[in-house]
Every structure is written in structure tokens, then in C-alpha cells.
2 protein chains.
Amino acid sequence: MPAKDVITAQPSAAPQSDNGWDSLLQEISHRPKRATERKQDRSKRTEQQILTGALRVFARDGISRSRIADIAAEAGISASTLYEYYKSKEDLAYDVPLSHLAEFFEGYHAAAANKTTRERLLLYLVMSADYAREHAEWARLFYLEIWPSIFVTDTDLRHSINDFTRVLLFLVNDAIAEGWIARDRNLYETVALLTGGINQIIITWLLYRKPRNLTKAGTEMAERLIAMLEIEAGATR
Amino acid sequence: MPAKDVITAQPSAAPQSDNGWDSLLQEISHRPKRATERKQDRSKRTEQQILTGALRVFARDGISRSRIADIAAEAGISASTLYEYYKSKEDLAYDVPLSHLAEFFEGYHAAAANKTTRERLLLYLVMSADYAREHAEWARLFYLEIWPSIFVTDTDLRHSINDFTRVLLFLVNDAIAEGWIARDRNLYETVALLTGGINQIIITWLLYRKPRNLTKAGTEMAERLIAMLEIEAGATR
DNA sequence: ATCCAAACCGAAATTTCTTCGTGAATATTC
DNA sequence: GAATATTCACGAAGAAATTTCGGTTTGGAT
């Protein structure tokens, strides 16, 4: 079944291509962890402590200023032991956000079940903002350092970042098929608009703690964006 | 004259408060350079060569991976000499984008003269994208490393980044006064929408070179954003 | 031409990341 | 449950980069 079918499918009240949806979210929230799994319980614990400590230190000092020695101390191990787990500081930095991303997608997948496309889109934007608020350290690392970094070539991470966009692409596609987002607008431009709008709110909050209430602001922005797209579709119909 | 006047002023065909506009752009495009000016011609040349070399190396390798020795080599000086000019690598990284920013604001100020608020807003967004295209190395450094960095405390740079938003705030304020942007919408949310939309296009271009034609995509996005705001204002009037 | 400050550089110090050899802890096999 | 193998941990040494320091050269005013 060519991907084009998603675009040319018939509009319907319930979101079409639910199979595509579930398999997409399935794939996204269960991306394989690293190939080499830890053998002993002790080291699974240590691995978790490294990730926790690294997240705290990276978020506090930024990747560049963070010191391996500090992270190791947070994790209660020596610096050299850390190299048994990650081959470099960069490698560690790029692994830290992955588990949170999977968690987000998993939570979203569950919350979006049995919803219309419009509700799913709204929920996605709202949950993005809300997850950033709930996991501010992670959000700092992810939105301010990882996402914009052109040097993220680590494939797992790059995939996960692209997944963020893929979900939106899927939903906007459905919305176009359902007729409430303008068909004659560039698909990627619409996605950029949605991503940009919500991310800008998140980034501003991370940098300046304004707006005070990120959940409220994210919801407002999400509702406004969707309403605008609907009006636009109506105006050009 | 309190700042509120900008908000409560009468709508008019030509943009009101042109004095405020000119003094804002004036201030923005002529932020003071560093306090200690170089004394000899030779070192003014060297300073320029450092900035040029640093921009190239930072854009190519990223701030973190860039080496002072490489930058010094590009500038044709020894590494230790570089420390006569900048007290650290970070310091240098944060100084590099400043002159380009001033140049952008200066160019915009000239281009925006004798235009309506709507034209000015459109021009601002379009020129932002276009300037990034024309100065891709600078844009990489600025949009992907500097802007999102929470650790930019260097006041000059922080000011300049905020200036980017201040111009939009000013224009949206005028547009609200003129009645073509909804008054009942949060001002900062509208600015976030504009900034986010256009930045997302720029960032995607920097990361993936898509869309191919950034100027065209930026123009499309800018026109769409403004049209949406106008429709929104009409719908809620 | 002389003098002084500014600019420059090589070498050394410092800081941080990373590797390596070895010993301790844990799991597996008999 | 002892012997063996594997995994995990660490201190010390090595490597790579930033930054400092002392002394030399250069530019420009007098």
C-alpha cells in the first residue's frame, strides 16, 4: 500500500487509517534501546544512576560546561567507570533524552486512543508543552541543546527527533483528507507552523519562565493554531 | 509619554508612532561595541580576521568541537595571541554573531522606511529568512547554538536576541491598534506564533536544507501567517 | 631616532577527557 | 559449594585541549 493512500483516502468522522496510526506510534514509542544490554543487576542500577545524574548536570551546566567527573560523582561512581557505559561525553548526552521521548510517545499513544483527528492534534500539542513543564530538566536538554544541534548524527536520536514531526505529518494529512485543513497549502509548511508555534512557547518558558503557566499557554496556543487552520480552510474552500 | 500610548493610539493608514519606531531601530542597530577599542590598525585587522575565522570554524565544527588552535590558524595568528582579544572560547563565540545582527537590523531599518505596518511586518519575517540564507554560516551559529543557549548571559548578546522579539512586539502592537490583528488575543502569544513559524522554517532549512528555496518558503510562511492573523481578527471582530 | 605601549609568540601550566592495567564483584559451570 | 569465567569498578597514567606567563617584536607618537 503506497503512502499516497493516506492522502487520497476518503474523509470520515472517525480518523481513517487507524492501523497506520497505531503502527506508527508503536514503532515510535518502542525504538530499540542500545544493542548491548547490561548483564548484571548492579550495572543496570548504575546505568540508571548515570542517566539521572547526567540529566541533572547537563540541564544545570549545559553539555559543554558539564564535567564527566561531576556526573560520575552524582552517580556515585568513578569517572573511568562511566566509560564502561558510554564511549564519550557526547554519546552520553545524546542518550539521556531518549528514554523520556519514548515515555512521552507512549503516554500520548494511550491518551490519543479513540479520539478524532482534531482531538489528537490538539492533544499532541498540549501534551508536548505539558510534558516539557513536568520534565523541565529534560526539556532544557532536549529543546535547547539536542534538537537544534546539527551534530546529532546518532541515528536513534535523530530518528526520535524526526518522529516528533512524523506524528504531526500524519495528523495533518488526515485533517486535510477530512477537509478541515486547507488542501492547497504546503503540508510541510503547516507542520512547521504547528511545531514552531508550540516550540516557541516552550523555549521561551525554558529561557525566561514566561509565560508563568506553560500548560495554560500551550493549550491556548494549540487551540488558536487549530482554529486558525480551520478558518483558513473555510476561507479558501 | 508612557509606553501604553503605543497601544491606545488611534489607528491610521500610515504607521503611527514613527518616532518610537525609528528610535527603537536606531537603538537596536547601534548597540555599543565592546568597551575596549583596539588602538593599532594592525590589531583592528587581526580582530576582524579572528571574527571571520571563528565564524567559519564554529559554523563548520560547532562551538564545542571547535579548537582555538584552528581558529587562530585561520586568522593567521598564534593561539596565545587570540587571548589578547577574547578571554575565552565562549566569549569569542558569543561575540561573533553580534556584528551580523547589527547589520541585519540596519538593513531592515532602511528597507522598512515609508512602509505600512503590515508591509513592515511582512518584510521583517521575509528578511529574517533571507538573511539566514545569505549568511548561512552565521545563521547556523546564531539559530542553532546561540539563540537557544540558556547560558548566554553576555549582556550585549542577550540584548540583541531580545531585540529580535522587541521589533515584533512593536509591530504587532501597531497592528492591533490598526485593528487587523485581534485585540483579544495575547500579544506575546501572537509574537511567539510569528517567531516560531518563521524560525522553524529557518531551522529546518539549516538542518536539512529543506525547503530547497528558503526565500520562497519564508515569504510563503510570512504571507500565510499574516493572512491568518487578519482572518482571525475579522472572524472575532 | 627614541621611547613606550600594544601586539605577538613559544613554552609551560592547567584542566578536562579518555585509556589502560589490575583487582573486586557477580554469575556460571561443574 | 568450590572453581572458573565474565562483568564491573577504579586509580593512575596518557592525551588533548584551553589558558597563562615571560619575554620579544612591532607600530606609532614625540
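Side-chain atoms are counted along with the backbone in the values below, which use heavy atoms only and exclude waters and symmetry mates.
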Salt bridge (Lys or Arg N to Asp or Glu O under 4.0 Å) contacts touching residues 69-88 of chain A (sequence neighbours left out):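 Sorted result for residues 69-88 of chain A: Arg56(A)-Glu74(A), Arg67(A)-Asp70(A), Lys87(A)-Asp91(A).
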Please collect all salt bridge (Lys or Arg N to Asp or Glu O under 4.0 Å) contacts where either partner lies in residues 195-206 of chain A, sequence neighbours excluded, each pair once.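 Pairs touching residues 195-206 of chain A that pass the test: none.
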Starting at atom [atom1] of [X], determine the distance to atom [atom2] of [N], rounded to an integer number of angstrom.
{"X": "Leu82(A)", "N": "dT18(C)", "atom1": "CG", "atom2": "C1'", "value": "11 Å"}
{"X": "Ile71(B)", "N": "dT19(D)", "atom1": "CD1", "atom2": "P", "value": "11 Å"}
{"X": "Asp91(B)", "N": "dT18(D)", "atom1": "CG", "atom2": "C1'", "value": "14 Å"}
{"X": "Gln49(A)", "N": "dC8(D)", "atom1": "CD", "atom2": "P", "value": "14 Å"}
{"X": "Asp70(A)", "N": "dT15(C)", "atom1": "CG", "atom2": "P", "value": "14 Å"}
{"X": "Arg45(A)", "N": "dA25(C)", "atom1": "CZ", "atom2": "C1'", "value": "12 Å"}
{"X": "Arg67(B)", "N": "dT19(D)", "atom1": "CZ", "atom2": "C1'", "value": "16 Å"}
{"X": "Leu92(B)", "N": "dT19(D)", "atom1": "CG", "atom2": "C1'", "value": "14 Å"}

Residues that [X] engages under side chain to side chain donor-acceptor pair (under 3.5 Å), provided they are two or more places apart:
{"X": "Thr215(A)", "answer": "Asp130(A), Arg133(A)"}
{"X": "Glu220(A)", "answer": "none"}
{"X": "His159(A)", "answer": "none"}
{"X": "Glu90(B)", "answer": "Arg65(A)"}

Got a sec, which residues hit ring-ring contact (aromatic ring centres under 6.0 Å, His included) with Phe142(B), two or more places apart in sequence or on another chain?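 Only Trp138(B), Trp147(B) meet the ring-ring contact (aromatic ring centres under 6.0 Å, His included) criterion with Phe142(B).
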Applying side-chain contact (heavy atoms from CB on, under 4.5 Å), can you list everything that pairs with Ala73(B), at least two apart in sequence or on another chain?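 If we apply the side-chain contact (heavy atoms from CB on, under 4.5 Å) test to Ala73(B), skipping adjacent residues, there are no hits.
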What string of B, S and - do you get for nucleotides 1-13 of chain C, 5' to 3', when a contact is any protein heavy atom under 4.0 Å? -----SSBBB---
DNA chain C-proximal residues of residues 53-61 of chain A, any heavy atom under 4.0 Å: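 Those residues: none at all.
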When all nucleic acid strands are considered with a 4.0 Å heavy-atom cut-off, which category describes Ser64(A): base, sugar-phosphate, or nothing?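 No contact.
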Output yes when at least one side-chain N/O atom of Tyr83(A) is less than 4.0 Å from OP1 or OP2 of dT19(C), else no.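 For dT19(C), OP1/OP2 do not have a side-chain N/O of Tyr83(A) under 4.0 Å.
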Using a distance-only test with no angle check, is there a side-chain donor-acceptor pair under 3.5 angstrom linking Arg38(A) and Thr46(A)?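 There is no such pair (donor and acceptor under 3.5 Å, judged by atom type) between the side chains of Arg38(A) and Thr46(A).
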Take the C1' atoms of the five end pairs on each side of the helix from dA1(C)-dT30(D) to dC30(C)-dG1(D), derive the two axes, and give their angle rounded to 10 degrees.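 Answer for the end axes of this duplex: 10°.
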Establish, yes or no, whether a centroid distance under 6.0 Å links the rings of Phe164(A) and Tyr124(A).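 Ring centres of Tyr124(A) and Phe164(A) closer than 6.0 Å.
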With sequence neighbours excluded, give me every side chain to side chain donor-acceptor pair (under 3.5 Å) pair touching residues 102-112 of chain A.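 Passing the test, one end in residues 102-112 of chain A: Asp22(A)-His109(A), Glu103(A)-Tyr131(A).
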